[in-house]
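Keep in mind it's a predicted model, so treat the numbers as computed, not measured. In what follows, residues are counted from 1 in the order of the sequence shown. We count ligands from 1, going down the list as the structure has it; atoms in each ligand are counted the same way.
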Amino acid sequence: MTRKFDFLVLGSGIAGITFALKAAKFGKVALLCKTTLSESNTSFAQGGIATVMYEPDNFEKHIEDTLIAGDGHCNLAAVEKVIREAPAAIEDLLSFGVDFDKQKNGHFDLHREGGHSEFRILHHKDNTGFEIQESLVRQVKAHPEIEVFEYHFAIEILTQHHLGEWITHHTPNIECYGAYVLDQQTNQIHTFLSKVTLLATGGIGNVYLTTTNPGIATGDGIAMAHRARAIVKDMEFVQFHPTALYHPGEKPSFLITEAIRGYGAVLRTLNGKEFMLKYDERGSLAPRDIVARAIDNEMKIRGDNFVYLDVTQKDAQTTKREFPTIYKKCLELGIDITKDYIPVTPTQHYLCGGVEVDLNARTSINRLYAVGECSCTGLHGANRLASNSLLEAVVYANAAVNDASKQLDMLNFVDKIPDWNDEGTSLPEEMVLITQSFREVEQIMSTYVGIVRSNLRLKRAIHRLEILYRETENLFEKSVVSREICELRNVISIAYLIIKQALLRKESRGLHYTVDYPERMKKETHR
Ligand code: FAD
Ligand code: SIN
């Protein structure tokens, strides 16, 4: 079946929904997600959303903090844009019904996180993302111009390639006409034609063995864009959150928000000693890349699997009130955070790179925009400052709608796209071929492409991956399309892009640390 919409939105996190709500003023919107409307990285966000609110804070300080965290690799125009447009983005969220905590005097209650020189994190207790996601979902469900498609998995974006043209990375003016989409409830593949398509497919966490991301985060949008020959950049900058709860076997890993360190919690080795000041004068509140590397180093030196986060010195009632989700989760595991240290370990959390976009969220493919974690605006540079990503998504969703709505009248549907061709395919004989290959990708990435890298490990990783790539492409050719095989293809593409771009960077910068080139070069070796 072929469906036609002015705007095709792939993803229902903060990026996709804020875009959809605004785009619906200009035309008909299809909003797709691969499971439920609510399952997203957005729902899992704890700490909050950064914005300059009250004196003594100001835009310059937030810009400076973002640039310092980004380690010389930020796009200054993107940084200025996001931070100066933050108050308007927050107004949008408030107008969609999002409730941020306030103090008794009516002022917003602001938290502070690593790398921030001021208290500027708006939050809803310690489950800000859930509050944002559910408020946005309520708006979408009530909107007459937005048609929602749950359990619809985007397989490929449509370009001139699907009209039979030969496309390379050098082909000028590639255009996007929509996407092939698998309805997972009927197993049918539909053609969604659009005038404008938005990638808002989120992160890549499941490329790694442990991650704070939910199961939907398999980098589908980035992989699709890469196959369609869009520019994808900065993939080597994978962010590991320093403090995920150490609870082996649990996926996703439960996050212990950085805001708890802003509140006063400190990191300790298993013998109870504070160690962060050895690494950085900002101690436990240094930017994430530094804290994660310091923990990794302490664990390696001491042969430990985790370190402790200690919040026991703070007032117990306040801790319970400010961090109720963390308190409850830890208590279920027998840890009373008001009395006991919390075992934590660094875990994959976020991707700074993605599909390259300009200040209007345009990708290098015409009619294709990308917003949120799947995009690379240059805001985060080589390391994202905490709580800047929810903000980036709202600001760039606005930019994308403003830009796309101006073009809408000049664009037509491209009707000649053929239906998906599944001739000669059959169900895979053994699902284990897919599940085991997926596990191997996770193993390769966690073992060889983690917080500290080396040429030897990266090269070994890419050799192993090449075998998996060949086997999987072979299987894909012969198989009836399923979400599982598509996700496997996508994680292999993402792993490949991370390793390839890591190998090109012959220096250590931000989240990319390699023992072969431990110094940061004055002039970057790879941009
Ligand atoms: P997501 O919210 O992940 O949404 C992705 C959507 O894409 C989903 O609807 C999914 O179904 C859909 N999708 C994916 N692939 C397909 C496909 N093939 N077909 C159809 N649909 C598809 N950031 C902050 O700024 N502050 C925080 O406090 C914070 N805390 C965090 C805590 C945790 C535990 C995590 C995991 C992240 C946190 N982040 C935080 C990061 C932030 O939450 C994410 O970067 C952001 O929410 C990403 O939003 P998004 O809309 O781009 O993607
Ligand atoms: C956290 O709450 O520590 C996560 C914040 C973020 O990822 O921005």
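- Residue contact check: E258 has heavy atoms under 4.0 Å from atoms 1 (C), 2 (O), 3 (O) of ligand 2.
- A cation-pi arrangement is not found for R483 relative to F153, the charged atom failing to lie both closer than 6.0 Å to the ring centre and inside a 45° cone about the ring normal.
- Under a 4.0 Å criterion applied to the non-hydrogen atoms of H241, ligand 2 contributes the atoms 1 (C), 3 (O), 4 (C).
- Considering H111, E113, H349 only, the shortest heavy-atom separation from atom 38 (C) of ligand 1 involves H349.
- The aromatic rings of H111 and H123 lie parallel to each other, with less than 30° between the two planes, well short of the 60° mark.
- Residue contacts with ligand 1 for H241 are absent, since no atom lies close enough (heavy atoms, distance under 4.0 Å).
- Nearest protein heavy-atom neighbour of atom 4 (C) of ligand 2: R288 NH2, 3.4 Å.
- Per-residue contacts place D220 under 4.0 angstrom from the following atoms of ligand 1 (heavy atoms of the residue considered): 15 (N), 16 (C), 17 (C), 18 (N).
- Closest to atom 2 (O) of ligand 2 among all protein heavy atoms lies T257 OG1, 2.6 Å.
- Close approach of ligand 1 to L390 (heavy-atom distance below 4.0 Å) involves ligand atoms 23 (N), 24 (C), 25 (O), 26 (N), 43 (O), 47 (O).
- With hydrogens and angles disregarded, a donor-acceptor distance shorter than 3.5 Å links the side chain of S387 to the backbone of G48.
- Contact annotation for Q133 and ligand 1: no heavy atom of the residue comes within less than 4.0 Å of the ligand.
- Contacts of L390 with ligand 2, taken as heavy-atom pairs under 4.0 Å, are absent altogether.
- S387 counts as a contact of ligand 2, since one of its heavy atoms falls under 4.0 Å from the ligand.
- Near E113, meaning under 4.0 Å from any of its heavy atoms, are these atoms of ligand 2: 5 (C).
- Closest to atom 29 (C) of ligand 1 by heavy atom, among G215, A45, A259, is A45.
- Of all atoms in ligand 1, listed by their number and element, those nearer than 4.0 Å to a heavy atom of G47 are 28 (O).
- Contact annotation: the side chain of R288 never approaches that of Y350 to less than 4.5 Å [non-hydrogen atoms, C-beta and beyond].
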Identify every side-chain donor-acceptor pair in residues 243-257 under 3.5 Å, counting partners at least two apart or on other chains, and give the distances.
| residue | atom | partner | partner atom | Å |
| --- | --- | --- | --- | --- |
| T243 | OG1 | I256 | O | 2.7 |
| H247 | ND1 | E250 | OE1 | 3.1 |
| E250 | OE2 | K329 | NZ | 2.6 |
| K251 | NZ | Y208 | O | 2.9 |
| K251 | NZ | L209 | O | 3.4 |
| K251 | NZ | E442 | OE2 | 2.9 |
| T257 | OG1 | A259 | N | 3.0 |

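- The nearest non-hydrogen atom to atom 5 (C) of ligand 1, considering only G372, A393, G203, A200, comes from A200.
- Residue contacts with ligand 2 include L255, since one or more of its heavy atoms lies under 4.0 Å from the ligand.
- Relative to atom 51 (O) of ligand 1, the option among A15, A50, G16 with the closest non-hydrogen atom is A15.
- Interface of G47 with ligand 2, defined as ligand atoms under 4.0 Å from a residue heavy atom, comprises 2 (O).
- Under the 30°/60° scheme for interplanar angles, the aromatic rings of F192 and F5 are found to lie parallel.
- Counting heavy atoms under 4.0 Å from ligand 1, residue R384 touches it through the side chain alone.
- Under a 4.0 angstrom heavy-atom cut-off, R384 registers as being in contact with ligand 2.
- For E392 and H380, the side-chain atoms include at least one donor-acceptor pair closer than 3.5 Å.
- Counting the atoms of ligand 1 from 1 in the order shown, those under 4.0 Å from a heavy atom of A154 are 17 (C), 18 (N), 19 (N), 20 (C).
- Of all the atoms in ligand 1, the ones that sit under 4.0 Å from a non-hydrogen atom of N388 are 25 (O).
- The atoms of ligand 2 that sit less than 4.0 Å from any heavy atom of A386 are 8 (O).
- At a heavy-atom distance under 4.0 Å, atoms from both the backbone and the side chain of T42 approach ligand 1.
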